[in-house]
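Quick notes on the structure that follows.
Values in this document were obtained by computation on a predicted structure and should not be read as measured data. Proteins come first, then strands; the chains are lettered A, B, ... in the order of their sequence lines, and each starts at number 1.
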Amino acid sequence: MRNVVPLVIAFVAGVTMMLALFVPVLQPLQERASVWFIILAAIAFLIGGTNLLLHHARKIAQQEAGWGFSAVTLVSFFITVFVGLAKWGVPPSDAYPNHPWSGNYITEGAPLWWLYQYIIDPVTSTMFALLSFYVASAAYRAFRAKNTEAMILLGTAFIVLLGRCSAGTFLTSWVPESLEALTFPGATAVIMAVFTTAGQRAIMIGISLGVAAISLRIILGLDRSYLGADE
Amino acid sequence: MRQVSKLLVAISFTASMWSNGAVAAPRPATDVTVTDRPNDAGTGLIVKWTLSPDDEESAGANRVVVYQIFRQVNGKPSEEPVAKLNAGNNEYSDSNCQSDAHYQYEVVAVAEDGETSAIATHAERIRPVVQWFDSSRTWVAVIVIFVCAAVIICTELAKHGWSTYVRPIAGLTAIDEAVGRATEMGRPMLFVPGIMDLDEIETVAGLTILSHVGEKAAVYDTPVEVPTARSLVMTAAREALEGAYLAAGRTEGFDEDRVYYVTDEQFGYVAAVCGWMSREKPAACFYLGKFFAESLVLAETGNACGAIQLAGTAESAQLPFFVAACDYTLIGEELFAASAYLSGEPQQLGTLKGQDVGKVLAVVLLVCGSLLATGAMISGRDSLAGRAHDYLMVHVLNKGVGG
């Protein structure tokens, strides 16, 4: 019974959103639904924040594997929340110089700004930079010529990689302009514009139809697995 | 002598006035017309005018540089202009109207020195009209109705015993293998439902698969770890997993602490999940949802742990990474078909048949478009094939003719 209300909400919201695409009068409802979702997500963040605290506190208490990271997480969490909420070190705004909390919490030079600028940003960039090593290791495995398909993939990748760097341009610079498609950059352009685009479009058409089908299953209540058990 | 000096002062004063442009104002815009903006909910009007004769380089000091648009709402004029448009523009679309008010617009040409022209306006006040159907999307509506009808009809047919064979999807049949492997090895499984919120259909698709994975895990009593990057997803994942354990009759095996929120920050989430993988060495990893740059980091870490990996996303840019690093990948539509496939219910499988009807329509449009484009190339844009191609591009697909 507890799933009936979510199913009704899913049906009404789904049909309304679909109609809003074609009925201009309903379009404000579409925008309002987005606002409601943001409000819901903001409230849910309290649940998430509480869960974060409890989860890491339990790990520390039970000294599970990696509990030291949990301790760092909690300390960082409390420092960030305190610095942000208390607007610590934020100068008052020009409009209200007598009100100490009137400044913008991300004012340049303030501690919260400093935390983002000198800790979160570099750490995030470091994680992102690791991607290059993972690309190399994944490419090494993917391009091993173990069968015909892998050999075709390897050959295509070789052409595209060379076509995208100056070495490819240099190596085939002697090819006359009339045969540009035979140069590395020319062949790369053909591969990307014809083969890759065709493949991607096929996937996109499949995805669009898949989205339509799963949306209908959810709107019509055929697929309820995401709601959990109906007690 | 005194008379001459007075004359000189008068001449210099007149000359300075002339050089400042204060002597002559620019000529006004003309033929102001206001029409209703089509296909909206009565929120827009379009104002058009003929450019001022002084809206050209040769106009000298009187050259118009800006048109100011003033608006009267129910006879009440605005003090500030609602828009300022550079010279050369002769159209303004006002998107901030209400269908129950009457509007009148005034166009004022402004010269470089700030001198303003006389006001140009239109005769009658106008009220925006509410349109109940967006006619520019007629063909989209036809296609949507066709696909939806096909899905619903196939679902109904399947309910009444129509055969619904679906080809085996390797990635989905591998779920049993992955759960079995984790059970044999006595290690946990990892399920990542993407990094986006519940308003993404891929996240919902991922959660539907989680409930099937959870059911298998409950039967074999194998723990499933579900770190989430969004609070709402955590709540929904807990519900889905609890339901799965209930369906398997193993409610006592459900541990809600294994479904937890990590952070909204993309790479913070990746760091936490990869750290857990390195420490716990999961036997099976599932990545099903919406992914971006973190896809390869997660999949490569799982690979390094020796886990059997199943991934699925509709992000075409991330698919090659998953294909390279995972054992099985659900490509695009397979992710959305997964819950229907795994449920085995005829009516859910019927929706997949309806999807196939949509694919037939896509193929027909592709073939027709290709033939018409070829015909247009051979016989020219003005030929029947050329015009049909243009109609297909502009009205059916809502694209430019060149596209």
Item to check | Segment of A/Leu26 engaging chain B (4.5 angstrom heavy-atom cut-off) | outcome: neither
Next on the checklist: Which atoms of A/Val123 are under 4.5 Å from chain B, going by heavy atoms: the side chain, the backbone, both sets, or neither?
Outcome noted: neither
Checklist entry - Any idea which of A/Ile203, A/Ile218, A/Leu216 has the most non-hydrogen atom pairs under 4.5 angstrom with chain B? => result A/Leu216
Checklist entry - Among A/Asn51, A/Leu40, A/Leu46, which residue forms the greatest number of heavy-atom pairs with chain B at distances under 4.5 Å? => result A/Asn51
Checklist outcome for this item: Honestly, the part of A/Phe69 sitting under 4.5 Å from a heavy atom of chain B is side chain
Checklist entry - Do any of residues 15-24 of chain A have a heavy atom less than 4.5 Å from a heavy atom of chain B, and if so, which, in residue order? => result A/Met18, A/Leu21, A/Phe22, A/Val23, A/Pro24
Checklist entry - So, A/Arg141 and B/Glu300, do they make that salt bridge, N to O below 4.0 Å? => result yes
Checklist entry - For B/Phe267, what residues pass the ring-ring contact (aromatic ring centres under 6.0 Å, His included) criterion, not counting sequence neighbours? => result A/Phe128
Checklist entry - Can you check whether B/Thr263 reaches A/Thr73 side chain to side chain, under 4.5 Å on heavy atoms? => result no
Next on the checklist: Let me confirm one number: the CG-CG distance from B/Leu296 to A/Leu130, rounded to the nearest 0.5 Å.
Outcome noted: 11.0 Å
Next on the checklist: Quick check on A/Leu222 against chain B: is it the side chain, the backbone, both or neither that has a heavy atom closer than 4.5 Å?
Outcome noted: both
Item to check | Any residue meeting side-chain contact (heavy atoms from CB on, under 4.5 Å) with B/Glu333, in chain and number order, not counting sequence neighbours | outcome: B/Gln355, B/Lys359
Next on the checklist: Under 4.5 Å from any heavy atom of chain A, what part of B/Leu335 do you find: side chain, backbone, both or neither?
Outcome noted: neither
Item to check | Approximate separation, where rounding is to 0.5 Å, of B/Ser231 OG and A/Ile43 CD1 | outcome: 11.5 Å
Could you list the donor-acceptor pairs under 3.5 angstrom formed by side chains in residues 270-278 of chain B, with sequence neighbours left out?
| unit_1 | atom_1 | unit_2 | atom_2 | d |
| --- | --- | --- | --- | --- |
| B/Trp276 | NE1 | B/Glu225 | OE2 | 3.3 |
| B/Ser278 | OG | B/Cys274 | O | 2.9 |

Item to check | A/Arg201, part contacting chain B, at a heavy-atom distance under 4.5 Å | outcome: neither
Checklist entry - Looking at A/Val135, A/Leu209, A/Ile214, A/Leu54, which one has more heavy-atom pairs under 4.5 Å with chain B than the rest? => result A/Leu209
Next on the checklist: With a 4.5 angstrom heavy-atom cut-off, is it the side chain or the backbone of A/Asp223 that approaches chain B, or both, or neither?
Outcome noted: both
